[in-house]
Each structure stands twice: as C-alpha cells, then as structure tokens.
Amino acid sequence: MKASDWILAALGLFALAFIAAMTAIFCIKGAVPDTLIQYTLGAGGVEALLLAGIKISKILKGGDSDD
C-alpha cells in the first residue's frame, strides 16, 4: 500500500468516526456544532483534493501512475 492510500484510508476512518461522534452528540444533546462539522469535513476535502492534484500531475508528467 502506497503512502497516498494510507492517507486516504486514515482520512476515511477519521471521517467515519467523526460523523458517528456527531450523530451521538446530536442524539444526546439535541444540537450539533455546525461550524466544527463544516471545518473538519472541509479540511478532509481539501486534503483529498490535494492528493488528487499530486496524482494527476504525476500522470501528466509521465511518472508512475501506480505510486
């Protein structure tokens, strides 16, 4: 497994745990911290976008597409 695969797997696990925690908080408290959710999931999206950009640039330069 390559480094980018590990990062994406960790990001997915974190997002899954975060969503589960926010669901539990909503069930217990009846409210959700909207700003925290927006920035946390937004940062994950930026990370995935940057990894995609790195992958695309390697493919366009003729590098190994299976890194």
Side-chain angles (χ1 to χ4, degrees):
M1 217 171 164
K2 303 295 180 182
S4 61
D5 294 335
W6 282 107
I7 292 171
L8 288 174
L11 187 61
L13 288 174
F14 173 76
L16 182 65
F18 182 79
I19 291 169
M22 290 298 109
T23 302
I25 289 173
F26 178 74
C27 289
I28 294 169
K29 298 280 187 180
V32 178
D34 294 331
T35 304
L36 178 64
I37 293 172
Q38 177 183 357
Y39 287 120
T40 302
L41 296 180
V46 169
E47 178 71 22
L49 183 66
L50 291 174
L51 284 173
I54 292 170
K55 184 71 141 181
I56 290 169
S57 69
K58 285 183 178 182
I59 291 171
L60 290 177
K61 288 185 178 183
D64 186 13
S65 64
D66 291 335
D67 75 11

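This is a predicted model, so every value here is computed, not measured. In what follows, every heavy atom counts, from backbone to side chain, and hydrogens, waters and symmetry copies are set aside.
Annotation: side chain to side chain contact (heavy atoms under 4.5 Å, CB included) contacts of I56 (sequence neighbours excluded): L60. Taking the side chain to side chain contact (heavy atoms under 4.5 Å, CB included) definition, one finds that L50 meets it with V46, sequence neighbours left out. Every residue meeting the side chain to side chain contact (heavy atoms under 4.5 Å, CB included) condition with I37, not counting sequence neighbours, appears here in chain and number order: F18, M22, V32, L41.
Note on I25 and L36: same hydrophobic cluster, where clusters join Ile, Leu, Val, Met, Phe, Trp and Tyr whose side-chain heavy atoms are under 4.5 Å apart, directly or indirectly.
In this structure, the separation between CD1 on I54 and CD1 on I59 is 12.5 Å, given to the nearest 0.5 Å.
With a 4.5 Å cut-off between side-chain heavy atoms of Ile, Leu, Val, Met, Phe, Trp and Tyr, the cluster of L16 takes in none.
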